[in-house]
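Quick note on labels: first sequence line is chain A, next is B, and so on, each numbered from 1. Please read these numbers as outputs of a predicted model, since none were measured by experiment.
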2 protein chains.
Amino acid sequence: MDKFKAHILLVDDDEGIRSLVKKYLNENNFLVTTSDSAENASEKIKIIKFDLIILDIMMSGKSGLDFINDHKKDLDTPIILLTAKGEASERVEGLELGADDYLAKPFEPKELILRIKNILTKTIKIDQKRIIEFENVKIDLNKLLIIKNKKEFKINNTEKVILEKMINNPGNTFSRESIGQLISLDKERSIDVIITRLRKKIEIDPKNPKFLQTIRGAGYVLWIE
Amino acid sequence: MDKFKAHILLVDDDEGIRSLVKKYLNENNFLVTTSDSAENASEKIKIIKFDLIILDIMMSGKSGLDFINDHKKDLDTPIILLTAKGEASERVEGLELGADDYLAKPFEPKELILRIKNILTKTIKIDQKRIIEFENVKIDLNKLLIIKNKKEFKINNTEKVILEKMINNPGNTFSRESIGQLISLDKERSIDVIITRLRKKIEIDPKNPKFLQTIRGAGYVLWIE
DNA sequence: AATTATAATTAAATATTTTTAATCATGATA
DNA sequence: TATCATGATTAAAAATATTTAATTATAATT
């Protein structure tokens, strides 16, 4: 799996919290930049595209909510709000404005990490499987390559999209229709042909599919252990 | 926009909470099925594929955490945990086991809705834009159609994928490389050609692009108001 | 204003993918 | 087990997409 370091912007006017949280995040393999104010953060995001922003609500000068308000139109980066304990109305306001999550201070560091990973998983897909192996088959969605018994098979984008979906939902049945939707094809027979093509590449014995199976009347499933 | 009703499984052994939350969710346009135990929920998910599960941790019989443990291998559905106030260790354990979010009881109904939408947005993409309009241009990503000044233009999957990405990240610059990655092409010149093709379809004056602009040295951006 | 680098456009060649159709295989059911 | 429905396989035809290359246009820099 690719080693990727998510870049986090930590915005808090309390120096103690900044250094503490930064240290903790660094230990957990994140790259961290800090801002001591919403104003400073606004400058930073002009220059760097962060993967995530951790934002204190209550700050001298502009508040965290102000920051969100200022940028909600142009900012695509997920935000975790740090709120004072019990301030339900602020939390709700923050979420309504577009924050992705919040954490009440004081929080457990472990919980912060979980929430960060949770969000990153969904946005930049840090944990999505791009390279998987089962038995003698290795699928590399990045390189568009399948290696089966040391033989290489190229896959095209169509095949990649289908495999990607199935790999991230193993055991789920996909109808021909839903597969067609995925790749913008509407002829059912065409899906058949694509499945045959795929089986030739990923199955040890394509005539007796073990991984990419048919569910009669319903569609296809990928079984990977 | 398509009218889609997310189907939620609500698992709680307290009849009062079940009916109250169900009613509230119904009012907010969700389809709700309830279970009074983890065991019953396990039966339900065999039959129905839910979009989301709201799961009380503390239940007589199997707990919510037990439920997650039982199904974490095969269950792809996002889970929101309902926890007792202050039970940080349970929250952390739940998130570690794979829950997507939690809410401490008693919670504000409004906050529950926000959290549900937040998760659904990320999983089934309920809020992702599939049909957008600006000026005299309408893009329908479902039908693979662009209507510009009442004239129809078909788009193919390649174009759809690029537009989809840009539409959901307006104002973001995409390098040729990142676009290529999206559609599994690595020749930069090919991206040029595709952009030209796209401009012919979405721009009022393709020679003077207003929406799909070039950022010299960086890539392309979509500006929609 | 001239130079240089980057981007846009076009059309033709090339390559790839989808569709179709015919045939075979398999599973379900009466 | 005979029949019917559904799925698999193949190869060829048709449609579509990508690549290339030559030319033109535009922006940035000296």
Side-chain angles (χ1 to χ4, degrees), chain A residues 143-146 152-166 173-223, chain B residues 143-146 152-166 173-223:
Chain A
K143 293 188 190 150
L144 302 180
L145 213 57
I146 293 176
E152 288 194 355
F153 299 83
K154 279 191 192 150
I155 57 174
N156 63 24
N157 195 245
T158 299
E159 293 160 339
K160 183 194 89 174
V161 170
I162 295 172
L163 279 179
E164 188 167 29
K165 186 77 174 186
M166 291 189 136
T173 302
F174 293 91
S175 67
R176 286 198 185 82
E177 198 195 346
S178 71
I179 293 172
Q181 211 154 317
L182 220 50
I183 54 176
S184 301
L185 289 189
D186 53 3
K187 306 287 182 306
E188 299 223 325
R189 293 307 106 234
S190 300
I191 311 294
D192 291 11
V193 176
I194 290 171
I195 294 290
T196 300
R197 213 160 69 200
L198 262 174
R199 282 182 175 149
K200 282 188 186 149
K201 296 177 187 175
I202 72 167
E203 294 287 348
I204 307 296
D205 176 6
K207 299 266 173 181
N208 283 69
K210 182 178 170 188
F211 311 124
L212 184 42
Q213 293 196 346
T214 302
I215 307 296
R216 184 165 246 257
Y220 301 94
V221 206
L222 183 68
W223 295 112
Chain B
K143 293 187 190 153
L144 302 180
L145 215 56
I146 292 176
E152 289 195 353
F153 299 83
K154 279 190 191 152
I155 56 173
N156 62 26
N157 194 243
T158 299
E159 294 161 338
K160 182 194 91 172
V161 169
I162 295 172
L163 278 179
E164 187 167 33
K165 185 78 176 184
M166 292 189 137
T173 302
F174 294 91
S175 67
R176 287 198 184 81
E177 197 195 346
S178 70
I179 293 172
Q181 213 155 316
L182 220 50
I183 54 176
S184 303
L185 288 188
D186 53 3
K187 307 286 182 308
E188 299 223 328
R189 294 307 106 234
S190 300
I191 309 294
D192 291 12
V193 176
I194 290 170
I195 293 290
T196 299
R197 214 161 67 201
L198 261 174
R199 281 182 175 148
K200 283 189 186 149
K201 295 177 187 175
I202 73 167
E203 294 287 350
I204 307 295
D205 177 7
K207 299 267 172 179
N208 284 70
K210 183 177 169 189
F211 311 123
L212 184 41
Q213 293 197 346
T214 303
I215 306 297
R216 184 164 244 256
Y220 301 95
V221 205
L222 183 68
W223 294 112

If you look at every strand shown and take non-hydrogen atoms under 4.0 Å, does [X] touch a base, only sugar-phosphate, or nothing?
X	answer
A:Lys200	sugar-phosphate
A:Leu185	sugar-phosphate
B:Pro209	nothing

Taking OP1 and OP2 of [N], is either one under 4.0 Å from a side-chain nitrogen or oxygen of [X]?
X	N	answer
A:Thr214	D:dA8	yes
B:Asn156	D:dA17	yes
B:Tyr220	C:dA8	yes
A:Arg176	D:dG7	yes
B:Lys207	D:dT24	no
A:Ser190	C:dT20	no
B:Arg197	D:dT18	yes

Of the options [options], whose atoms approach the side-chain atoms of [X] most closely?
X	options	value
A:Thr196	C:dA7, D:dA8, C:dT19	D:dA8
A:Arg199	C:dT20, D:dA8, C:dA7	D:dA8
B:Asp192	C:dT9, D:dT19, D:dT18	C:dT9
A:Lys187	D:dT18, C:dT19, C:dA7	C:dT19

Q) Going through the checks in order, is the side chain to side chain contact (heavy atoms under 4.5 Å, CB included) test met by B:Leu145 and B:Lys154? A) CA-CA 5 Å; B:Leu145 215 56; B:Lys154 279 190 191 152; 4.1 Å; yes
Q | Least distance between heavy atoms, A:Lys160 atom then B:Ser184 atom | A |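 Heavy-atom minimum between the residues: NZ-OG, 3.8 Å.
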**Q.** Name of the residue among B:Leu185, B:Ile195, B:Ile183, B:Thr158 meeting side-chain contact (heavy atoms from CB on, under 4.5 Å) with B:Ser190
**A.**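 When B:Leu185, B:Ile195, B:Ile183, B:Thr158 are each tested with B:Ser190, the side-chain contact (heavy atoms from CB on, under 4.5 Å) holds only for B:Leu185.
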Q. Side-chain contact, heavy-atom cut-off 4.5 Å: A:Val193 with A:Lys187?
A.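 No, every pair of side-chain atoms sits at 4.5 Å or beyond.
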Q. So does B:Glu188 have more than 12 non-hydrogen atoms from other groups sitting under 6.0 Å from CD?
A.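 Above 12, so yes.
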Can you check the [X] [atom1] to [N] [atom2] distance for me, whole Å?
X	N	atom1	atom2	answer
B:Ile191	C:dA7	CD1	C1'	14 Å
B:Glu159	D:dT18	CD	P	8 Å
A:Ile183	D:dA17	CD1	C1'	15 Å

Q: Look at the side chain of A:Arg216 against the base of D:dT6 and say whether a donor-acceptor pair falls under 3.5 Å; ignore hydrogens and angles.
A: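 Side chain to base: pair present.
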